[in-house]
Amino acid sequence: MDLFSILQTYRDILIVIAATLSILAYITYTNWDRVSLWWKGFKYHNFLFSKLRSLAKNPDTTGRWFHSETVVCQDYCELYSQVHKDGDYYESSKKYLSIAGESSRKPLGTLLMLGLFAVLVLEAWGFSYTMAGFIDLSASENTRVTMTWIVAIAFAVILAFLTHMMGYELYRNGILGRIRNNWQVDDTASRPRTLDDIDFDYEIDNFTDKDEPKYKQRLNRLDINSPRKKHTFTIGALVAIIAIGIIITFVRVKTLEVAQTQDAMCQPNSAISNAALTSLDDLYSTAPPPPLESQQIASQAVVKGESEICQATKEGSWATFGMLAILFVVLQAFATWVSFKFGFVGKHSKSAWQNTHKFKTKSQYEAAMDAKSKRISQRAQKTLGNLQSRMAKVLIDSTMNSNVSDLFKKASERTFLGYVEQESEQSLSSRNRQTQTMLDREREHSDIMSKSANQNTADELKVDNTSAKVEKLTDKELEAQLLSEKNELPLSDEELEQQILAQAQAKKIETPEEQRARILEKLKAEGKL
């Protein structure tokens with residue numbers, strides 16, 4: 001028994017199994033937080049391969065905790081940290097969507113995606129049935145139907161992927177185009193030098209780039225590696241749609257030709273011979289045959305009627321092929337439009353949407369998150385308590401370590417919420433150290449730049465002082481000056497003031513502007529200008 005026979009035999013069972021798995025997958029996806037919490041509890045508390053059984057045998061310690069206790073707390077802390085949010089996180093999520101420009105968008109829902117895929121499968125089934133006859137000319141009808149379903153699903157998957165990526169690419173290119181337009185019309189002095197410098201991944205509650213332009217903030221939150229438009233999937237999808245449409249139309253035309261070739265009524269010269277045949281009643285009839293002229297008229301009428309039927313069938317088939325081609329293109333355009341209108345291009349836009357779309361106010365969000373975090377903490381504390389009880393029974397008599405005994409005595413002090421608070425304090429301390437290190441580096445850089453600027457200023461002052469020095473006197477000039485000062489009588493205050501002013505005027509250094517003005521006056525006095 002071949003594969004097609006098996007699929008045909010168990011077709012109904014396979015359909016039921018596929019439908020059941022699809023429903024279970026949808027329920028699991030829509031209630032993933034509850035399912036993941038249940039699965040963690042099942043791993044720890046099932047009676048066949050309980051994880052608590054192996055953890056309870058481990059006496060290793062990490063500080064004031066058993067290693068097994070930290071394993072349980074860390075495992076549940078992954079879920080707890082996802083829902084332990086306050087109202088500020090709700091407002092940050094709304095702000096994130098606003099910056100990314102996706103406040104009014106929604107993700108492509110599961111039901112809409114399945115419905116669209118089902119329509120694509122049904123649309124592909126039509127031309128797949130035509131193609132299946134050429135895949136295996138000797139195949140039976142059941143085998144042909146099975147091959148049709150396989151080909152239809154394959155076509156639907158390919159077309160759904162290409163149209164989805166094309167719609168997503170068109171939406172992303174539209175956002176990038178608006179960002180680039182805003183950047184080009186921005187002030188040249190204040191705008192970023194280039195858009196290629198994309199900052200690191202900004203979390204939902206991280207707004208350290210609030211001083212940057214709005215378009216730069218949006219660019220920082222897009223799920224892209226480069227701010228350049230791409231048309232890869234758009235071109236690929238268009239080429240695939242056109243190629244599939246042409247090939248399918250060609251196959252349908254050839255199928256029509258095969259059908260008309262096998263129809264004797266549509267073959268030349270066959271209509272006359274068929275019309276010329278007489279029935280058995282005519283052979284045994286005693287009535288005289290109709291006149292030859294009447295027979296010729298009847299034959300011509302039959303030929304004309306059959307020719308018109310074949311021509312009408314051909315024209316109607318061509319019109320149907322054209323309508324199917326238009327329907328095929330319209331359906332692909334609709335699938336592209338759905339992908340264009342739904343979905344997000346921001347890195348964390350979907351998470352931000354999940355945090356906000358079910359809650360109209362901040363208080364509603366806080367109440368829902370408190371309920372979820374309380375449910376997880378209660379389940380985690382129950383698992384931790386069971387582990388501590390098991391460890392007390394298994395290890396109390398097998399270890400002589402005083403540290404372990406002390407940990408057993410203080411087991412009630414170690415709770416899941418206490419572990420969460422300890423991790424939060426350590427994380428806060430780590431962030432503070434990183435912030436302090438960054439500030440120290442910035443301060444050190446600022447001190448270096450300040451010292452460099454002061455050194456440059458001192459060098460400039462030194463150069464100015466050097467240039468302002470009085471020219472050095474010769475030995476004879478200085479000797480004559482000292483002798484004259486010795487022989488001179490003491491000067492009065494007015495005479496000394498005049499002498500100092502005269503010396504200052506004589507020692508004054510002439511600037512280039514003063515020199516230019518002096519030479520210009522001299523040339524005018526000599527009549528050269």
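Between the side chain of Glu169 and the backbone N or O of Phe233 there is at least one donor-acceptor pair closer than 3.5 Å.
Within a 6.0 Å radius of NZ in Lys341, no more than 12 heavy atoms belonging to other residues, nucleotides or ligands are found.
Ring pair Trp39/Phe42: centre-to-centre distance below 6.0 Å.
Donor-acceptor pairing under 3.5 Å is lacking for the side chains of Thr356 and Tyr365. Between the side chains of Thr163 and Gln332, not a single donor N or O lies within less than 3.5 Å of an accepting N or O. For the 3.5 Å distance criterion, the side chains of Glu102 and Trp353 fail to qualify, holding no donor opposite an acceptor. For His45 and Thr383, the side-chain atoms include at least one donor-acceptor pair closer than 3.5 Å. Gln74 and Tyr419 share a donor-acceptor pair across their side chains, judged by distance under 3.5 Å alone. At a cut-off of 3.5 Å, with distance as the only test, no side-chain donor of Asp205 or Tyr96 sits close to an acceptor on the other residue. When only modelled atom types and interatomic distance are considered, Asn386 and Lys382 share no side-chain donor-acceptor pair under 3.5 Å.
The shortest distance between side-chain heavy atoms of Ile376 and Asp33 does not fall below 4.5 Å.
Using the six-membered ring where Trp is involved, His164 and Tyr168 have ring planes that are parallel, under 30° apart on the 30 and 60° scheme.
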